[in-house]
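Keep in mind that the numbers below use all heavy atoms, side chains included, and drop hydrogens, waters and symmetry copies.
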Amino acid sequence: MFTLSMRFTLPTDTDWSKIPALMEERARNLYINMPGLISKAFIYDPETREYGGNYLWERREQIDAFLNSDIVAGARNKFGEPTCKVHRVAAYLDRGKVYVPATASTS
């Protein structure tokens, strides 16, 4: 498993009151059945003007495919280059259940 943290800095004139509905719409229509995507937290902060997500993926190559997708290309055209960080996941906790990727297991 891998995480991707991606942030765009939005323009100063952004109407932040519209962002939560936009994020819900994108969750329902763009990300819901994305191959390899385990979860995404849609995040925003009007104070820092950051907009983006924290993603959990099955494999690294799925992140690379996503970063080269039309979805990300459209966001880049609109907002510029995002900051991105990718990390390996050693364990994942979801509502009290712990998942350990086979590649991270020590047994």
Could you tell me whether the side chain of Ile19 reaches within less than 4.5 Å of the side chain of Tyr51, counting heavy atoms only? yes
Looking only at heavy atoms, which two atoms of Pro101 and Ala90 are closest? And how far apart? CD-O, 3.5 Å
Might you work through the side-chain contact (heavy atoms from CB on, under 4.5 Å) test for Leu37 and Gln62, ending with a clear yes or no? CA-CA 8 Å; Leu37 181 61; Gln62 293 163 326; over 6 Å; no
So, Arg7 side chain and Gly53 main chain: donor-acceptor pair closer than 3.5 Å or not? yes
Taking a hydrophobic cluster as the set of Ile, Leu, Val, Met, Phe, Trp and Tyr residues connected by side-chain heavy atoms closer than 4.5 Å, whether directly or through intermediates, do Val89 and Ile63 fall within one such cluster? no
Looking at Phe66 and Met6, what are the two nearest heavy atoms and their distance? CE2-CE, 3.5 Å
Minimum heavy-atom distance between Glu58 and Phe2, given as atom pair plus value: O-CD1, 4.5 Å
Do the non-hydrogen side-chain atoms of Thr3 and Arg88 ever get within less than 4.5 Å of each other? no
Nearest 0.5 Å, what's the OG-CG distance between Ser39 and Asp94? 7.5 Å
Under a 4.5 Å cut-off applied to non-hydrogen side-chain atoms, are Tyr44 and Glu50 in contact? no
Here the pair of heavy atoms bringing Pro11 nearest to Phe79 is CD-CD2, 4.3 Å
Residue Asn29 excluded, over 12 heavy atoms near CG under 6.0 Å: yes
Check whether Tyr99 and Leu4 end up in the same hydrophobic cluster, where Ile, Leu, Val, Met, Phe, Trp and Tyr are linked by side-chain heavy atoms less than 4.5 Å apart. no
Do you know the tightest heavy-atom contact between Lys40 and Gly52? CE-O, 4.4 Å
Is there a chain of hydrophobic side chains (I, L, V, M, F, W, Y, each step under 4.5 Å between heavy atoms) that links Trp57 to Leu30? yes
Count I, L, V, M, F, W, Y as connected when their side-chain heavy atoms are under 4.5 Å apart, and connections chain through other members. Are Ile43 and Tyr55 then in the same cluster? no
Would you mind reporting whether Tyr92 and Leu56 have side-chain heavy atoms less than 4.5 Å apart? yes
Look at the side-chain heavy atoms of Ile, Leu, Val, Met, Phe, Trp and Tyr, link any pair under 4.5 Å apart, and say whether Met23 and Val72 land in one connected group. yes
Ignoring hydrogens, what is the shortest heavy-atom contact between Phe8 and Gly80? Give both atom names and the distance. CE2-O, 3.2 Å
Inspect the contact between Asp64 and Arg60 and indicate whether a charged nitrogen and a carboxylate oxygen are less than 4.0 angstrom apart. yes
Counting only heavy atoms not in Arg76, do more than 12 fall under 6.0 Å of its CZ? yes
